[in-house]
Amino acid sequence: MTWQPNKLERERLDKLERLQQNGIDPFPGAVARTHTIEQAVAAFKVQEENTAASSADPAAPLMVSVCGRIRSIRTGGKVCFADLEDGTGRVQLFIRVDAVGEARYEMFRRDLDLFDYLQVDGQMMRTRSGEISVGVNQLKVLAKSLSPLPVVKTAEVDGQTVTYGAFSDTEERFRQRYADLASNAEVREIFRKRARTASAVREFLDGEGFLEVETPILQPIYGGAAARPFTTFHNQLNQSLFLRISFELYLKRLLVGMYDSVYEIGRDFRNEGVSFKHNPEFTMLEWYKAYVDYTYSMTLCERLLSFVAQKVNGSTQISYDGNLIELAPPWRRWRLRDAIREMSGIDYVEHPTAEQLEKAMREKGIELPPELPWGKLIEKLLGDFVEPTLIQPTIIYDYPRDISPFAKSVPGDPMHVQRFEFYISGMEMGNAFTELNDPLDQEQRFVEINKLFAEQEDDAAPLDEDYLRAMRYGMPPNSGVGIGIDRLVMLLTDRHSIREVLLYPHLRDKGRDEETEG
RNA sequence: GGCUUCGUAGCUCAAUGGUAGAGCAGCGGACUUUUAAUCCGUUGGUUGAGGGUUCAAGUCCCUCCGGAGUCACCA
């Protein structure tokens with residue numbers, strides 16, 4: 001134990017001791033709660049309405065026992081007010097010395113602190129100013145809070161809620177997420193929405209006849225996306241393993257195994273830089289469905305996001321970064337070539353080699369690292385000129401073949417494949433193909449992509465022979481989609497950093513020196 | 001990884017190179033319907049860490065740690 005209590009904490013330790021000396025267990029076990037705070041308040045309102053309607057004899061007092069954390073205290077000589085909060089809401093406590101007795105009243109004033117957990121028994125009532133409260137008859141400490149949380153106060157000023165002293169230090173909020181959650185109710189709401197997002201996705205896909213599956217996170221060969229992996233090691237098997245960078249290849253094997261439609265929601269790991277939209281581990285949704293092509297997937301994406309937004313926020317319209325965004329179908333569909341031509345003035349089809357396209361881009365004054373492959377140049381045009389403008393949901397489709405090794409060609413167009421990405425608020429939200437199911441073509445693509453990588457002096461993903469073997473048994477035509485769930489949650493909660501929608505975003509280690517001391 | 005910027009009391013923030021401060025919280029007191037409760041009094045600091053310049057450093061310089069932003073990376 002390396003805890004060195006600060007002055008405030010020592011004060012609380014003293015109170016803890018006083019409670020114990022008075023025979024009070026500050027961390028008792030059993031709790032008899034009759035209502036959540038939300039339930040207690042709701043039941044009281046119902047009772048009030050009934051009483052008003054009947055205008056007969058006043059109803060018997062509504063007795064409740066509620067539990068929660070003390071969020072604020074306003075002490076008086078003979079009467080105290082406090083706010084108690086649990087996971088469902090907040091209610092005021094009205095504590096009179098005559099009701100709880102001198103001893104308990106003094107205990108409350110002297111030895112209880114903000115953020116202690118409390119059980120109170122009493123009747124629901126309204127104070128003179130009309131505030132719904134619990135008129136407390138008995139109170140019991142459930143858990144002493146030894147370290148103080150930030151004290152947040154709010155006030156109504158000109159109809160606006162103004163917050164004072166909110167816990168807002170980004171770093172500490174993420175390092176001590178528990179304190180962030182305890183202190184900031186709106187942060188708790190983010191993760192409720194996140195949970196609703198995941199369950200809405202499942203509800204929708206289950207309803208469409210998809211089967212939810214789980215595939216390996218530890219993989220002997222990684223693949224299915226363009227990313228550097230994390231590596232790890234299995235001691236007993238004496239085997240190097242990779243944390244998956246996508247689910248793609250394992251899910252498509254299941255189509256060979258004759259499941260028609262499968263999906264997985266889970267964690268991907270990519271050993272790359274972090275940014276407002278990148279975390280080393282993130283939650284991905286991928287689905288694959290047999291006998292359809294990417295036009296079907298476009299429709300399903302539109303329907304899925306509308307459904308999820310409706311479930312999570314009660315509307316297909318969302319407000320993000322000050323923009324009103326309509327998720328209901330149909331979304332704009334824009335061919336990649338047209339989008340780039342229109343926004344950048346460059347028609348890459350007229351510059352069909354990397355050398356030609358690079359020259360055209362440099363003539364436009366675009367700065368480029370040397371020797372990018374053709375498809376990467378096109379991605380750069382997309383990222384620089386098109387992506388930031390795509391505020392309303394937009395499906396960009398038909399991508400260059402050389403950066404899309406798992407997508408089927410556009411018939412009669414050797415340059416393009418049946419791939420689309422959809423963008424909302426300038427952010428890539430999903431990536432989809434008509435999946436390549438020709439094992440000979442797939443092998444050729446693997447070879448091509450590895451060659452491309454070799455030229456870039458980058459590590460290519462190892463060739464997955466087993467995946468090719470699976471495909472040789474026969475894979476039905478199909479289309480698959482990958483959607484970043486974290487980014488979707490960002491959209492639905494109007495948060496502009498992925499860290500805000502991850503309970504424990506990755507942060508650099510801090511204070512290692514302190515640990516080595518002990 | 002590059003560049004920019006930030007790090008001061010438990011929390012939110014001040015402080016021309018010149019005695020480190022405020023509000024909230026805490027502690028003591030007053031108050032039987034308060035609500036950012038109010039009123040009186042009061043405690044609280046290795047200014048992220050280390051070095052340097054200076055008579056004097058929270059402030060200027062260097063290194064390191066951490067955060068944020070941005071660029072790069074992200075078949």
Side-chain angles (χ1 to χ4, degrees), chain A residues 5-12 14-15 71-83 90 92-99 105 109-110 113-115 125-131 133 135 145-157 161-175 179 183 223-228 245-246 270-278 280 367 369 372-376 379 383 399-406 428 445-446 448-456 458-461 496-497 499 505 507-514:
Chain A
N6 63 32
K7 187 164 184 187
L8 297 181
E9 290 169 332
R10 283 199 299 274
E11 201 73 55
R12 287 178 176 230
D14 289 345
K15 294 179 179 184
R71 296 313 303 247
S72 74
I73 300 180
R74 299 172 289 283
T75 55
K78 297 285 195 299
V79 58
C80 291
F81 297 89
D83 291 339
R90 229 179 233 234
Q92 178 171 266
L93 306 182
F94 178 52
I95 303 164
R96 287 185 310 144
V97 62
D98 341 357
Y105 189 81
R109 285 198 53 180
R110 278 176 54 81
D113 286 299
L114 288 176
F115 320 118
M125 55 169 281
R126 277 187 193 269
T127 58
R128 199 172 288 167
S129 58
E131 172 105 8
S133 309
S145 163
L146 295 178
S147 297
L149 285 161
V151 178
V152 185
K153 296 190 173 187
T154 58
E156 297 290 325
V157 178
T161 303
V162 184
T163 304
Y164 302 86
F167 185 39
S168 61
D169 183 281
T170 321
E171 181 174 358
E172 289 310 315
R173 283 184 48 230
F174 295 156
R175 287 195 194 280
S183 175
R228 262 186 281 275
I245 59 172
S246 85
R270 297 189 181 176
N271 209 336
E272 291 157 4
V274 297
S275 80
F276 75 95
K277 53 182 177 179
H278 295 275
E367 288 180 25
L372 285 180
W374 189 67
K376 296 289 289 177
E379 277 194 335
Y399 276 62
R401 175 186 151 109
D402 65 335
I403 51 168
S404 312
F406 299 108
E428 181 199 335
R445 301 285 193 93
F446 276 147
E448 281 175 24
I449 207 84
N450 282 2
K451 201 170 143 219
L452 200 65
F453 261 88
E455 285 166 6
Q456 289 286 296
D458 219 336
D459 292 333
H496 307 122
S497 163
R499 295 173 198 113
L507 293 179
R508 213 178 285 264
D509 243 11
K510 189 182 171 187
R512 223 179 260 162
D513 299 350
E514 292 167 23

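Residue numbers start from 1 in every chain, and the chains themselves are labelled A, B, ... in the order their sequence lines are given, proteins ahead of strands.
As rounded to whole Å, 12 Å separates atom P of B:C73 from atom CD of A:E367. The distance from atom CZ of A:R10 to atom P of B:G10 is 11 Å, rounded to the nearest whole Å. In this entry the distance linking OH of A:Y164 with P of B:A37 reads 10 Å, nearest Å. The distance from atom CG of A:D509 to atom C1' of B:G48 is 16 Å, rounded to the nearest whole Å. When the P atom of B:G44 is taken as reference, atom CD of A:E9 falls 17 Å away, rounded to whole Å. Protein atom CD of A:E272 is 16 Å distant from nucleotide atom P of B:C71, rounded to whole Å. Atom pair A:L372:CG and B:A72:P shows a separation of 11 Å (rounding to whole Å applied). The interatomic distance linking A:I95 (CD1) with B:U35 (P) rounds to 16 Å, in whole Å.
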Scoring nucleotides 22-34 of chain B by protein non-hydrogen atoms under 4.0 Å (B base, S sugar-phosphate only, - none) yields --SSSS---BBBB

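Look at A:T170 and you won't find any side-chain N or O under 4.0 angstrom from OP1 or OP2 of B:G67. For A:R499, a side-chain nitrogen or oxygen approaches OP1 or OP2 of B:A68 to under 4.0 Å.
Among the atoms of the strands shown, none is found under 4.0 Å from any heavy atom of A:Y399.
Taking 4.5 Å as the limit, some side-chain heavy atom of A:T161 sits within range of a side-chain heavy atom of A:E156. Contact annotation: the side chain of A:L114 never approaches that of A:L149 to less than 4.5 Å [non-hydrogen atoms, C-beta and beyond]. With a 4.5 Å cut-off on side-chain heavy atoms, A:E9 and A:R12 do not count as touching.
B:A68 is paired with B:U4 under the criterion used here, namely a Watson-Crick or G-U wobble arrangement in which both key atom distances are under 3.5 Å. Shown here, B:U54 forms no base pair; nothing in the strands shown gives a Watson-Crick or G-U wobble contact with both key distances under 3.5 Å. Nucleotide B:A30 has B:U38 as its partner under the Watson-Crick or G-U criteria, with both atom distances under 3.5 Å. Base pairing analysis places B:G45 opposite nothing; no Watson-Crick or G-U wobble pair with both distances below 3.5 Å involves it. Nucleotide B:C74 forms no Watson-Crick or G-U wobble pair with any nucleotide shown, as no partner meets the under 3.5 Å limit on both distances. With a 3.5 Å ceiling on both atom-pair distances, B:A25 lacks any Watson-Crick or G-U wobble partner. The partner of B:A14 cannot be assigned: no Watson-Crick or G-U wobble pair with both contacts below 3.5 Å exists in any strand. With a 3.5 Å ceiling on both atom-pair distances, B:A20 lacks any Watson-Crick or G-U wobble partner.
The nucleotide whose nearest atom lies closest to any side-chain atom of A:N6 is, among B:U12, B:G10, B:G67, B:G10.
Distance noted for atom C1' between B:A22 and B:U43: 15 Å (whole Å). Across the P atoms, B:C60 and B:G66 are found 22 Å apart, a figure rounded to whole Å. Here, B:U70 and B:A57 have their C1' atoms 31 Å apart, quoted to the whole Å.
Residues passing the side chain to side chain contact (heavy atoms under 4.5 Å, CB included) test with A:D14: none are found, sequence neighbours excluded. Here A:R96 pairs with A:V79, A:F94, A:D98, A:A99 under the side chain to side chain contact (heavy atoms under 4.5 Å, CB included) rule; sequence neighbours left out.
A salt bridge links A:R74 with A:D83: at least one charged nitrogen is closer than 4.0 Å to a carboxylate oxygen. The pair A:E379-A:K376 meets the salt-bridge criterion, with a side-chain N (NZ, NE, NH1 or NH2) lying under 4.0 Å from an Asp/Glu carboxylate O.
In this structure, A:K277 NZ and A:H496 NE2 are separated by 13.5 Å, a value rounded to the nearest 0.5 Å.
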